[in-house]
Amino acid sequence: MTDRWQYLLVLAACLAITAPLEMFGPGVYRQWRRLVRAVWPVAAVFLLWDEIAIAAHVWTYDGAYITGLNIPFHVPIEEVLFFIVIPICALLTYNAVSTILERVNRR
């Protein structure tokens with residue numbers, strides 16, 4: 001395996017590990033409009049933050065661990081996906097834990 005796929009593989013693993021949590025409660029993916037409304041504004045702010053930081057040479061990404069695909073302003077596609085994938089995984093986890101605790105507390 002080449003190193004340049006590591007960031008994407010970690011994001012894919014995060015999705016794969018949390019995907020079964022969809023079966024708890026009303027679901028996250030099943031309410032995709034709500035999911036978009038929750039994730040998009042925060043992702044947009046952090047994406048803008050990344051663009052500014054990269055343009056100002058505050059930080060950069062190690063080319064050995066990314067595919068080299070960038071959106072405008074030299075932000076790696078992996079970073080864009082990070083701002084989408086990780087909040088989705090967090091919402092899946094929160095939804096599952098909340099549902100389980102609610103069921104336990106009803107007993």
Interatomic spacing from [atom1] in [X] to [atom2] in [Y] - rounded to 0.5 Å:
X	Y	atom1	atom2	result
Glu102	Phe24	CD	CZ	13.0 Å
Glu79	His74	CD	NE2	15.0 Å
Phe46	Phe82	CZ	CZ	9.0 Å
Leu15	Leu81	CG	CG	9.0 Å

TODO: Answer yes or no: is there a side-chain heavy-atom contact under 4.5 Å between Phe83 and Val42?
DONE: no
Identify the two heavy atoms, one from [X] and one from [Y], that lie closest to each other, and give their separation to 0.1 Å.
X	Y	result
Phe73	Ile54	O-CG2, 3.8 Å
Val28	Glu22	N-OE1, 2.8 Å
Val85	Leu11	CG1-O, 3.6 Å
Glu78	Thr67	OE2-N, 2.6 Å
Tyr7	Tyr65	CB-O, 3.5 Å

Open item on the list: I'd like to know if the side chain of Asn105 reaches the main chain of Leu101, judged simply by a donor and an acceptor atom lying under 3.5 Å from each other, with no hydrogens or angles considered.
Closed with: yes
Task: Polar side chain donor-acceptor pair, Asn70 to Tyr61, under 3.5 angstrom - done: no
Task: No-hydrogen, no-angle side-chain donor-acceptor test under 3.5 Å, Gln6 and Asp3 - done: yes
Task: Partner of Cys89 by side chain to side chain contact (heavy atoms under 4.5 Å, CB included), out of Ile84, Ile17, Thr18 - done: Thr18
Open item on the list: Using the rule that Ile, Leu, Val, Met, Phe, Trp and Tyr join whenever any side-chain heavy atoms are under 4.5 Å apart, tell me whether Trp5 and Ile86 fall into a single cluster.
Closed with: yes
